[in-house]
Amino acid sequence: MKPSLPQGTRDFGSDVVRKRHYIFNTIKTAFELYGFQPLETPAMENLETLMGKYGEEGDKLIFKILNNGLNDPKNIEKSRAAFANVLEGKNDKNLTERALRYDLTIPFARYVAMNHGQLTFPFKRYQIQPVWRADRPQRGRYREFYQCDADVVGSRSLLNEVELTNIYSTVFEQLCIPVEIRLNSRKILAALADSAGGSEKMMDITIAIDKLDKIGLEKVQEELAERGLDAPQIAVVANYLSIANRAGDNDWVLGELQKLFSDNATGKTGLDELTYILSQTKDLSSVNKIIIDPTLARGLNYYTGTIYEVKAVGVKIGSIGGGGRYDDLTGLFGVPNIPGVGISFGVDRIYDVMEELKLFPAAVEQGTKVLFFNLGEEESKAAYALLQDVRRAGTPAEIFHESQKFDKQFKYAEKKSIPYIVIIGSSEIVEKTAVIKDLRSGQQQKVAFDELARFNFV
RNA sequence: GUGAUUGUAGCUCAGCUGGUUAGAGCACUAGAUUGUGGUUCUAGGGGUCGCCGGUUCGAACCCGGUCAGUCACCCCA
């Protein structure tokens, strides 16, 4: 058979792995710096843990795992009945009861619900693991991809939002990715729904307005009509959307929203919260912009307060981060009153953005620092002893596997972007000195054998 | 999941309306060059034309299916 990969999955070669690690490490370091603790959960969860948490569309994208033993004679009738159920669009435990994790937030909520007795609150954890979605792959959309989440549960303090905003800001600054960190509040959206058809229309309204920058005002209005809003209600939404035309001018946007929702308690709260978060993060010196975006909605239906979305400036790819506040995520698992807020980084998209913008530092791709040339049996013996010294000093080094012409050995070093080569031939052995050549500059120098390990290979 | 589009050498691509042994650049191998690479020159190797089937005297080219990539919708990191 011809080997192949499942759709939407990828192998990562060494240079890609190195670049990915660079992103992982940057994020992880920031998480640790802000006092978050690591957590890992299984790749699979019980199906019922995941179902119904991501909306109707989300449910369809969950990768389900087939039960074992379906063809066992004593199960065969059950299996048939279960399959008939599945064909009608239902799930059946007799066919599938486990699924691959779809995100990191719900498994975390499950973990908190199971362990809330032992945890000290507020509980701050980070989690860096792959998730799977049965989506059709596209650029920046994979069926297996990594998320890096940081969540705080057990606290309603807005300080958490401030912290998370700062984590976003520092990470993207360190990675040198120009981004817009967009903020909104479900409370503002709820207020909008109140004034345009009632709270039961909130989903319809948010789904439609989220598309404003993509399809334009007219199409949004059409979609609102299709979703059952009448003309006056659509006018209210359109008026709200006109504020988004000046997104970026946060003070102005907040002022306009203030006017709009002055008599709506929920809306006012949302505005006060955003104003506070903004005031605490405003003076960040960074290339990143924090933008209040009234059209930002986000599909996940468990969000109740602040919502986040991060977009790379100048790269046509979906969001590279997202998150928000939820009042009662663990309530879904029978443990009420644990509010929380979290953010997520999409490493695979961040990678694509950095690749397109050529933002990876050259040093990231370097593995081996020094290559010892192999010039024969006696020479390589001497070289090997020195190689081990260099390694003991903590410098990644290797020796060319066989005695070949210089040309070969040089090209090997070049391809693996090894910056230094060390030449030890017969005359060097006599003089007890090695020749070190920096391939980047082309300069070389002689160094005594017993000083080689201490040489500053940079 | 729906619709469209692409798939030729390791990589990027060419291949006219179906017509003999399917091409180029880069990469690779060998030599010019016996201890100094990246430049140059010469020679050489490498392709079940994604896969399966059909139409035809004849298919890389036409048709059907399938797999994978890309794009749009949906949704999202």
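All of these numbers come straight from a predicted model, not from anything done at the bench. In the text below, chain A, chain B and the rest are named by the order of the sequence lines, each starting its count at 1.
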Quiz prompt | Nucleotide B:rC71, atom C1' - distance to NZ of A:Lys316 in whole Å | solution = 8 Å
Quiz item: Mind checking whether A:Phe360 and A:Tyr351 have ring centres under 6.0 Å apart?
Solution: yes
Quiz item: When you compare B:rG69 with B:rC57, how far apart are their C1' atoms, in angstrom units rounded to a whole number?
Solution: 36 Å
When you compare the protein's N or O atoms with those of nucleotides 28-32 of chain B, which come within less than 3.5 Å of each other, and at what distance?
from, atom 1, to, atom 2, distance (Å)
B:rC28, OP1, A:Lys415, NZ, 2.9
B:rA30, OP1, A:Lys408, NZ, 3.4
B:rA30, OP2, A:Lys408, NZ, 3.0
B:rG31, OP2, A:Lys405, NZ, 3.4

Quiz prompt | Aromatic ring pairing A:Tyr308/A:Tyr168, orientation class (parallel under 30°, perpendicular over 60°, tilted between) | solution = perpendicular
Quiz item: For A:Gly321, which contact category applies under a 4.0 Å heavy-atom criterion: base, sugar-phosphate, or nothing?
Solution: sugar-phosphate
Quiz item: B:rC11 and B:rU17: how far apart are their C1' atoms, nearest whole angstrom?
Solution: 31 Å
Quiz item: Does A:Glu428 get its side chain close enough to the base of B:rG35, under 3.5 Å, for a donor-acceptor pair?
Solution: yes
Quiz item: Between atom CG of A:Leu95 and atom CG of A:Leu70, what is the distance when rounded to the nearest 0.5 Å?
Solution: 5.5 Å
Exercise. Would you state whether a donor and an acceptor, one from the side chain of A:Arg136 and one from the base of B:rC73, lie under 3.5 Å apart?
Key: no
Practice problem: Could you work out the separation of B:rC75 and B:rU2 based on their C1' atoms and round it to a whole Å? | Solution: 13 Å
Quiz item: Does A:Lys28 NZ have over 12 foreign heavy atoms under 6.0 Å away?
Solution: no
Practice problem: Would you check if the side chain of A:Gln129 reaches a backbone N or O of A:Thr41 as a donor-acceptor pair within less than 3.5 Å? | Solution: yes
Practice problem: Would you kindly give the CZ-to-P distance between A:Phe410 and B:rU33, to the nearest whole Å? | Solution: 18 Å
Quiz item: Would you say A:Arg391's side chain and A:Ala397's backbone share a donor-acceptor pair under 3.5 angstrom?
Solution: yes
Self-check item: d(CD1, A:Ile317; P, B:rA77) in whole Å
Solution: 13 Å
Practice problem: Quickly work out the A:Tyr412 OH to B:rG38 P distance and round it to whole Å. | Solution: 19 Å
Quiz item: On a whole-Å scale, what distance lies between the P atoms belonging to B:rU42 and B:rC49?
Solution: 32 Å
Practice problem: Could you tell me whether the side chain of A:Gln444 has a donor or acceptor atom within less than 3.5 Å of a complementary atom in the base of B:rU36? | Solution: yes
Quiz prompt | Test: A:Lys124 and A:Asp151 ion pair at under 4.0 Å | solution = no
Self-check item: Quiz item: A:Arg141 side-chain donor-acceptor pair to B:rC75 base, under 3.5 Å
Solution: yes
Quiz item: In B/S/- notation, 5' to 3', how is nucleotides 41-49 of chain B contacted by protein heavy atoms closer than 4.0 Å?
Solution: -------B-
Quiz item: Does A:Lys211 place a side-chain N or O at less than 4.0 Å from the phosphate oxygens OP1/OP2 of B:rC74?
Solution: yes
Quiz item: Which whole number of Å gives the distance between the P atom of B:rG65 and that of B:rG3?
Solution: 11 Å
Practice problem: Determine, stepwise, if the pair A:Arg141 / A:Asp348 fulfils salt bridge (Lys or Arg N to Asp or Glu O under 4.0 Å). | Solution: CA-CA 9 Å; A:Arg141 175 187 285 184; A:Asp348 302 77; over 6 Å; no
Quiz item: Does a salt bridge link A:Lys60 with A:Glu57, judged by any charged N lying under 4.0 Å from a carboxylate O?
Solution: yes
Quiz item: Is the distance from OP1 or OP2 of B:rG69 to the nearest side-chain N or O of A:Gln138 less than 4.0 Å?
Solution: no
Self-check item: Whether A:Gln409 side chain and A:Phe400 backbone form a donor-acceptor pair below 3.5 Å
Solution: no
Quiz item: Paired with B:rU2: which nucleotide, if any, by Watson-Crick or G-U wobble criteria at under 3.5 Å for both distances?
Solution: B:rA72
Practice problem: Answer with base, sugar-phosphate or nothing: what part of the nucleic acid does A:Gly140 contact at a heavy-atom distance below 4.0 Å? | Solution: base
Quiz item: Within the structure shown, what part of the strands sits under 4.0 Å from A:Gly8 by heavy-atom distance: base, sugar-phosphate, or nothing?
Solution: sugar-phosphate
Quiz item: Looking across every strand, which nucleic acid part, if any, lies under 4.0 Å from A:Gln7 by heavy atom: base, sugar-phosphate, or nothing?
Solution: sugar-phosphate
Quiz item: For A:Arg349, which contact category applies under a 4.0 Å heavy-atom criterion: base, sugar-phosphate, or nothing?
Solution: base
Quiz item: Can you check the A:Asp135 CG to B:rC74 C1' distance for me, whole Å?
Solution: 8 Å
Practice problem: Looking at every strand, decide which applies to A:Glu414 at a 4.0 Å heavy-atom threshold: base, sugar-phosphate, or nothing. | Solution: base
